[in-house]
Amino acid sequence: MHRTARRSTLTGGVIVAAALALTACAAGGAAQPPSSTSTAAAVDLSGVCPATVTIQTDWNPEADHGHLYQLLGPNPSIDANQKSVTGDLYSQGKPTGVKVQIRSGGPAIGYQSVSSQMYKDKGITLGYVTTDEAVQLSNSLPTTAVFAENDISPQMIMWDPKTYPDVKTVKDLGAALEKDGGVVRYFNGAAYMAYLQGAGILPASVTDGSYDGTPAKFVTAKGKDGQQGFATAEPYIYEHEVSAWAKPVKFQLVNDTGYPIYPESVSVRTGDLQKLTPASRSWCRCCSRRTWTTSTTRPRPTS
């Protein structure tokens, strides 16, 4: 159940600050490649990109979306009703002649999949579609990944190390939960959970698809239950920002259970791929992928 995301960009038309190239620009003349120097001339994307490049994310704004917000120039406008932010698209501190709009997902779109939202609203240029979701919905809502922001998915299952001191892996957790009557809460319909169950890593009897993205049930269970999350977010948030918990959690990456996927792959509707690909992209190359690690240091781009 793994489809390789295309690691190259569609075009250099949409350039993310901090060495990230997002892509989805209309066909036409190709933009010039960005210079590595701070004195580079402004990049004019008005001839190759939509007037506004709209990006649908998969959740509330979080660390994993930081590179998107680095695209925005000064004084962006915030739409509290639509849960979006819009501003001039900047490259190396200079406007590019087009705008970028970043939309929140998850609760903001009624917990719909990004794929379904992209087909519901054709104004969306790019969406965050995990590759297993793309496989699941390939017949009805086909998408094509054009950029993977991570090499390793931060999707994880976490638990309380005080309640389960001997648990080292998700499989260990499954056995412990069977004994103690706890569950792992997750978003209903998540493809990775079908894998964990089918591979015998988590018994179906200890899984609960009622997770709503809030910490309430995990905290109320007082360590008895496990929960899904992103290793780039929940471990820090639960220890430092959820006052009712305020202690460390342990976790294992779903990737390390034998389920490698590209998370949050920047994707387009498959039918739009051709028209969003410029006539010339000879200079485009995979020079900006990011690798997520379990280090406590900030994730760094790799060449």
Side-chain angles (χ1 to χ4, degrees), residues 14 16-18 20 22-24 49-90 98-134 137 141 143 145-150 153-156 185-191 210-216 227-238 241-242 261-269 290 292 299:
V14 184
V16 182
L20 176 65
L22 270 181
T23 58
C49 290
T52 300
V53 177
T54 301
I55 305 168
Q56 176 65 62
T57 68
D58 58 343
W59 194 241
N60 298 320
E62 57 184 348
D64 293 271
H65 305 155
H67 55 276
L68 295 183
Y69 293 94
Q70 287 180 316
L71 286 166
L72 295 165
N75 304 313
S77 61
I78 298 172
D79 186 329
N81 293 323
Q82 190 185 48
K83 304 295 190 297
S84 68
V85 59
T86 306
D88 291 325
L89 174 59
Y90 264 52
V98 301
K99 293 184 179 295
V100 63
Q101 181 177 96
I102 305 165
R103 298 182 182 180
S104 297
I109 57 174
Y111 300 100
Q112 295 182 79
S113 69
V114 172
S115 298
S116 62
Q117 188 70 6
M118 290 173 69
Y119 274 87
K120 178 181 178 181
D121 183 352
K122 294 299 182 69
I124 297 171
T125 316
L126 297 157
Y128 271 31
V129 181
T130 302
T131 49
D132 56 353
E133 176 187 319
L137 303 176
L141 304 170
T143 56
V146 296
F147 182 81
E149 66 176 44
N150 294 318
S153 171
Q155 184 76 59
M156 54 87 172
R185 288 191 178 83
Y186 71 99
F187 281 119
N188 192 36
S210 67
Y211 182 52
D212 61 1
T214 67
Q227 184 175 284
Q228 76 161 58
F230 262 28
T232 47
E234 275 81 1
Y236 179 88
I237 291 170
Y238 276 61
E241 298 179 7
V242 179
I261 57 172
Y262 287 115
E264 301 180 323
S265 297
V266 179
S267 304
V268 298
R269 290 174 292 271
R290 288 172 176 262
W292 184 85

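For this chain, numbers begin at 1 and follow the sequence in order.
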Quick one: does any side-chain atom of [X] pair with a main-chain N or O of [Y] as donor and acceptor, under 3.5 Å?
X: Y111; Y: D212; result: yes
X: Q56; Y: L126; result: no
X: S153; Y: P263; result: no
X: Q155; Y: G229; result: yes

Partner set under salt bridge (Lys or Arg N to Asp or Glu O under 4.0 Å) for [X], not counting sequence neighbours:
X: D58; result: none
X: D121; result: R103
X: R185; result: D208, D225
X: K83; result: none

Residues forming a side chain to side chain donor-acceptor pair (under 3.5 Å) with [X], sequence neighbours excluded:
X: E133; result: S115
X: S84; result: Q82
X: T54; result: none

Spacing of [X] atom [atom1] and [Y] atom [atom2] [to the nearest 0.5 Å]:
X: T52; Y: D88; atom1: OG1; atom2: CG; answer: 9.5 Å
X: L141; Y: Q117; atom1: CG; atom2: CD; answer: 11.5 Å
X: R269; Y: M118; atom1: CZ; atom2: CE; answer: 5.5 Å

**Study point:** Under the ring pair (Phe, Tyr, Trp, His ring centres under 6.0 Å) test, residues paired with F187 that sit two or more places apart
**Key:**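 So F187 forms a ring pair (Phe, Tyr, Trp, His ring centres under 6.0 Å) with W59, Y211.
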All side chain to side chain contact (heavy atoms under 4.5 Å, CB included) counterparts of [X], not counting sequence neighbours:
X: N60; result: P107
X: Y236; result: H240, E241
X: A233; result: E62, F230, I237
X: S77; result: T86

Closest approach of [X] and [Y], non-hydrogen atoms and distance?
X: V100; Y: I55; result: CG2-CD1, 3.8 Å
X: T143; Y: A134; result: OG1-CB, 3.7 Å
X: V114; Y: T57; result: CG2-O, 3.6 Å
X: P235; Y: M156; result: CD-CE, 3.5 Å
X: S267; Y: S265; result: OG-O, 2.9 Å
X: L72; Y: G87; result: CD2-N, 3.5 Å

Exercise for review: Test Y128 against L68 for side chain to side chain contact (heavy atoms under 4.5 Å, CB included), laying out the working first.
Suggested key: CA-CA 11 Å; Y128 271 31; L68 295 183; 3.2 Å; yes
Practice item. State whether a side-chain donor-acceptor pair under 3.5 Å links T130 with D132. Key: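 There is no such pair (donor and acceptor under 3.5 Å, judged by atom type) between the side chains of T130 and D132.
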**Study point:** Full working for side chain to side chain contact (heavy atoms under 4.5 Å, CB included) between K99 and L89
**Key:** CA-CA 5 Å; K99 293 184 179 295; L89 174 59; 5.9 Å; no
Exercise for review: Please step through side chain to side chain contact (heavy atoms under 4.5 Å, CB included) for the pair E264 and D64, ending with a clear verdict.
Suggested key: CA-CA 9 Å; E264 301 180 323; D64 293 271; 3.5 Å; yes
